[in-house]
Amino acid sequence: MNLLNKESIIQHVTKLAKNPIIIQKENFNCDFLLTFEKCLKTCFDLQHPDTNADVNMSWKDRFFDVDCILDYIHDELNTGHWSTVPLITRQNYTIASYLKMIFMLYDCDNLTVDVIQSSLNAVDMGLLLGAPIKENPELLNESAKYLQVQLNCLETRLEGPAETLKRKLQDDDMGLDQEFNELRGVKVETRELPSIETFNKNFFIPQIPVKLTGCMAHWPASTKWLDVNYLLNVAGSRTVPIEIGSHYTDESWSQKLMTLKDFISQHYLSKSGKIGYLAQHNLFDQITELREDIRVPDYCCCSLNYLESSEPDINAWLGPKGTVSPLHQDPKNNILAQVYGTKRLLLFSPEDTPYLYPHGEKMLSNTAQVDPLKPDDKFPDFNKAKMYKCLLQPGEMLFIPQKWWHHVTALDKSFSVSFWWQ
């Protein structure tokens with residue numbers, strides 16, 4: 001039984017292109033551009049069947065062609081360093097991903113869960129690797145949001161209401177506070193809702209870390225995200241990058257693309273002990289519905305150089321107990337906001353960098369070799385470093401000044417949001 005109206009859904013997603021889509025002509029050969037333009041024209045013909053175009057004869061060829069186009073552009077995206085990839089190359093990847101979604105929906109006899117999921121996967125790849133196109137900047141976001149809703153409707157009809165998966169707030173290990181207190185180091189100062197002037201004068205300008213309380217009570221995420229079903233409903237079928245392993249310096253560490261639903265069942269709620277972590281991912285540009293649940297801290301307006309200031313980079317950190325970020329430093333100021341769960345952070349000033357033994361390789365030069373929880377004898381100068389410690393609990397934020405070293409351990413299931421700015 002066809003539970004969803006195929007024509008209605010295709011019509012909706014094609015109309016999301018509110019303005020003409022323009023292929024960015026770069027250093028592509030003529031045959032490539034001709035094929036790309038034919039795919040785009042076929043998509044237009046699907047939207048306007050009264051143009052007398054022989055759509056049924058052409059779209060099957062275009063379906064194969066758009067896969068070839070995506071493969072070609074994907075190779076371009078992976079040539080050289082990501083930062084050097086031209087914007088127009090990423091924008092063309094966005095266009096091709098949108099076309100693939102249209103053709104996948106058009107290709108099927110009935111809209112099954114697998115068809116919609118595959119179409120949504122194509123859109124997410126465009127969001128992960130592409131870039132917004134000027135004429136239709138929300139094209140992929142709106143497409144993904146709509147397909148997620150349709151997928152939820154179909155799954156509910158076929159499978160019934162989802163099992164309640166509300167996250168249980170558990171007492172942490174009784175020895176948690178004692179273990180934290182026994183760690184050498186100075187506790188990071190705590191301030192409750194300081195004024196911007198106080199924060200700027202006492203902490204930002206002198207670049208001193210501080211724990212901030214009372215700053216997140218107005219976040220919808222503080223209550224909504226406690227319900228795992230809410231996350232699944234909004235984004236369960238969305239494809240996200242997951243780090244496999246306790247931390248990125250581990251030899252067995254790897255990365256994998258998977259749906260948020262699979263990540264939550266296989267890693268977040270699983271008791272298998274296999275660590276998986278959604279780490280430092282710009283989730284809120286990809287899934288804009290979740291962006292509405294958070295607020296940029298007012299403290300991010302502070303700057304040491306307003307000529308170089310910019311909007312914060314916002315990243316999500318979602319994972320089970322036991323995830324670790326090794327001792328490392330970031331190039332920008334950071335406010336780490338703890339939505340739920342508890343994290344333990346150990347911090348060191350940039351002045352102590354020589355005592356932390358940074359890796360010599362360029363890729364890991366911002367990561368220390370020493371483990372502050374288990375220092376090795378081959379790092380004898382580590383004892384000269386002054387350690388600060390912070391237990392970051394739900395509803396609290398930690399200001400980490402730029403270049404300050406920090407080691408992070410999740411002591412419970414945890415959802416954090418970081419704001420990087422300068």
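All values below were derived from every heavy atom in this structure, side-chain atoms included, with hydrogens, water molecules and symmetry-related copies excluded.
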*Asks:* Between Leu260 and Leu278, is any pair of side-chain heavy atoms under 4.5 Å apart?
*Replies:*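 Answer yes - side chains close enough.
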*Asks:* Where is the tightest heavy-atom contact between Ile21 and Asn136, given as atom of each residue plus distance?
*Replies:*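 Scanning both residues completely, I find the closest heavy atoms to be CG1-ND2, 4.0 Å.
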*Asks:* Could you state the interatomic distance from CD (Glu197) to CZ (Phe199), rounded to the nearest 0.5 Å?
*Replies:*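 Those atoms lie 12.0 Å apart.
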*Asks:* Looking at Phe399 versus Phe203, is the centre-to-centre ring distance below 6.0 Å?
*Replies:*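 They do not qualify: ring centres at least 6.0 Å apart.
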*Asks:* Do NZ/NE/NH1/NH2 and the carboxylate oxygens of Lys384 and Asp352 come within less than 4.0 Å?
*Replies:*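 So Lys384 does not pair with Asp352 through a salt bridge.
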*Asks:* Please check: side-chain N/O of Lys343 versus main-chain N/O of Ser414, any donor-acceptor pairing under 3.5 Å?
*Replies:*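 Here the side-chain-to-backbone pair does not exist.
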*Asks:* Taking C-beta and beyond as the side chain, do Thr342 and Phe180 meet within less than 4.5 Å on heavy atoms?
*Replies:*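 No, their side chains stay 4.5 Å or more apart.
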*Asks:* Between Trp219 and Phe419, what is the ring plane arrangement, given parallel below 30°, perpendicular above 60°, and tilted in between?
*Replies:*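 Perpendicular: the ring planes of Trp219 and Phe419 meet at over 60°.
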*Asks:* Just wondering, more than 12 heavy atoms not from Glu351 lying within 6.0 Å of its CD?
*Replies:*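 Counting other residues, nucleotides and ligands, CD of Glu351 stays at 12 neighbours or fewer.
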*Asks:* Determine, stepwise, if the pair Ile133 / Tyr98 fulfils side-chain contact (heavy atoms from CB on, under 4.5 Å).
*Replies:* CA-CA 11 Å; Ile133 53 179; Tyr98 174 74; over 6 Å; no
*Asks:* Taking all heavy atoms of Trp421 and all of Ser310, pick out the closest pair and write down the distance.
*Replies:*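 The pair with the smallest heavy-atom distance is CB-O, 4.5 Å.
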*Asks:* Quick one: OG on Ser254 to CD1 on Ile244, what's the gap to the nearest 0.5 Å?
*Replies:*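 CD1 of Ile244 is found 5.5 Å from OG of Ser254.
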*Asks:* What's the spacing between Asn305 CG and Gln422 CD if we round to 0.5 Å?
*Replies:*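 Output value for this atom pair is 8.0 Å.
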*Asks:* For residues Leu398 and Val188, report the shortest heavy-atom separation together with the two atoms involved.
*Replies:*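 Smallest interatomic distance, heavy atoms only, reads CD1-CG1, 4.0 Å.
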*Asks:* Apply side-chain contact (heavy atoms from CB on, under 4.5 Å) to Met258 and His267, showing your working.
*Replies:* CA-CA 11 Å; Met258 60 197 316; His267 299 284; 4.2 Å; yes
*Asks:* Asp65 side chain to Thr35 main-chain N or O, any donor-acceptor pair under 3.5 Å?
*Replies:*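 Absent.
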*Asks:* Do Leu140 and Gln286 come within less than 4.5 Å of each other through their side chains, counting heavy atoms only?
*Replies:*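 Result no, sub-4.5 Å side-chain heavy-atom pair not found.
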*Asks:* Distance alone, cut at 3.5 Å: any donor-acceptor contact between the side chains of Gln148 and Asn152?
*Replies:*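 Present: a donor and an acceptor within the cut-off.
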*Asks:* Are the side chain of Tyr340 and the backbone N or O of Lys413 linked by a donor-acceptor pair below 3.5 Å?
*Replies:*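 Checking the backbone N and O of Lys413 against the side chain of Tyr340, no donor-acceptor pair under 3.5 Å is found.
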*Asks:* How long is the span from the CG atom in Leu151 to the CD1 atom in Ile116, to the nearest 0.5 Å?
*Replies:*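 Taking CG in Leu151 and CD1 in Ile116, the distance rounds to 5.5 Å.
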*Asks:* Within the 4.5 Å heavy-atom criterion, are Glu311 and Val296 side-chain neighbours or not?
*Replies:*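 Not touching, per the 4.5 Å side-chain cut-off.
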*Asks:* Tell me the closest heavy-atom pair linking Leu318 and Tyr268, and the distance in Å.
*Replies:*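 So the minimum-distance heavy-atom pair works out to CD1-CE1, 3.7 Å.
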*Asks:* I would like to know whether Leu336 and Leu345 meet side-chain contact (heavy atoms from CB on, under 4.5 Å); could you show each step before the answer?
*Replies:* CA-CA 11 Å; Leu336 182 65; Leu345 291 100; 4.0 Å; yes
*Asks:* Is there a donor-acceptor pair closer than 3.5 Å between any side-chain N or O of Asp412 and the backbone N or O of Lys321?
*Replies:*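 Judged by distance alone, no pair lies under 3.5 Å.
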*Asks:* Can you check whether Arg184's main-chain N or O pairs, donor with acceptor, with Lys389's side chain at less than 3.5 Å?
*Replies:*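 Checked: no pair found.
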*Asks:* Under 3.5 Å, is there a donor-acceptor pair between the side chain of Asn141 and the main chain of Asp285?
*Replies:*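 Confirmed, Asn141 side chain pairs with Asp285 backbone.
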*Asks:* Please check if the side chain of Ser222 supplies one atom and the backbone of Met216 the other of a donor-acceptor pair under 3.5 Å.
*Replies:*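 Yes.
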*Asks:* Should the heavy atoms of other residues, nucleotides or ligands under 6.0 Å from CG of Asp298 be counted, would the total exceed 12?
*Replies:*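 Result for CG/Asp298: open.
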*Asks:* Testing Tyr357, Tyr388, Trp404, Phe382 for ring pair (Phe, Tyr, Trp, His ring centres under 6.0 Å) with Phe348, which one passes?
*Replies:*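 Output: one option passes, namely Phe382.
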*Asks:* Take Asn202 and Ile208 through the side-chain contact (heavy atoms from CB on, under 4.5 Å) test and state the conclusion after the steps.
*Replies:* CA-CA 8 Å; Asn202 295 345; Ile208 297 172; over 6 Å; no
*Asks:* Do Glu192 and Thr213 have side-chain N/O donor and acceptor atoms under 3.5 Å apart?
*Replies:*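 Side-chain D/A pair, Glu192 to Thr213: absent.
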*Asks:* Is any side-chain heavy atom of Gln117 less than 4.5 Å from a side-chain heavy atom of Leu154?
*Replies:*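 No. Closest side-chain heavy atoms not under 4.5 Å.
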*Asks:* Kindly give the heavy-atom pair with the smallest separation between Phe415 and Ala316, and that separation in Å.
*Replies:*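 Result for this residue pair: CE2-CB, 4.1 Å.
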*Asks:* With the threshold set at 4.0 Å, does a side-chain nitrogen-carboxylate oxygen contact exist between Glu37 and Lys25?
*Replies:*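 A salt bridge is present here (some side-chain N lies under 4.0 Å from a carboxylate O).
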*Asks:* Decide, yes or no, whether a salt bridge links Glu155 with Lys261 under the criterion of side-chain N to carboxylate O below 4.0 Å.
*Replies:*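 Between Lys261 and Glu155 there is a salt bridge, with a charged N closer than 4.0 Å to a carboxylate O.
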*Asks:* May I ask you to test the His406-Asp330 pair for a side-chain heavy-atom distance under 4.5 Å?
*Replies:*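 With C-beta onward as the side chain, the pair touches.
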*Asks:* Can we say Lys332 and Asp313 salt-bridge, meaning some charged N sits less than 4.0 Å from an Asp/Glu carboxylate O?
*Replies:*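 Yes, charged N to carboxylate O under 4.0 Å.
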*Asks:* Decide yes or no for Asp371 and Phe379: does some side-chain heavy atom of the first lie under 4.5 Å from some side-chain heavy atom of the second?
*Replies:*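 No; the side chains remain at least 4.5 Å from each other.
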*Asks:* Between the side chain of Asn333 and the main-chain N/O of Gln402, is any donor-acceptor distance below 3.5 Å?
*Replies:*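 Answer holds: yes.
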*Asks:* CD1/Ile69 to OH/Tyr72 distance, rounded to the nearest 0.5 angstrom?
*Replies:*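 Between Ile69 CD1 and Tyr72 OH, I get 11.0 Å after rounding to 0.5 Å.
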*Asks:* In Å and rounded to the nearest 0.5 Å, what is the NE2 to CG distance from His407 to Leu373?
*Replies:*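 So the NE2 of His407 and the CG of Leu373 are separated by 4.5 Å.
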*Asks:* So, the side chain of Asn334 versus the backbone of Ile400: is there a donor-acceptor pair under 3.5 Å, distance only?
*Replies:*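 No.
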*Asks:* So which atom in Phe32 and which in Ile73 form the shortest heavy-atom distance, rounded to 0.1 Å?
*Replies:*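 Of all heavy-atom pairs spanning Phe32 and Ile73, the closest is CZ-CG1, 4.0 Å.
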*Asks:* Is the shortest heavy-atom distance from the side chain of Leu147 to the side chain of Met101 under 4.5 Å?
*Replies:*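 Yes; the side chains approach each other to less than 4.5 Å.
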*Asks:* Okay, side chain of Gln207, backbone of Phe204: is any donor-acceptor separation there less than 3.5 Å?
*Replies:*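 Yes, because the side chain of Gln207 sits within donor-acceptor range (under 3.5 Å) of the backbone of Phe204.
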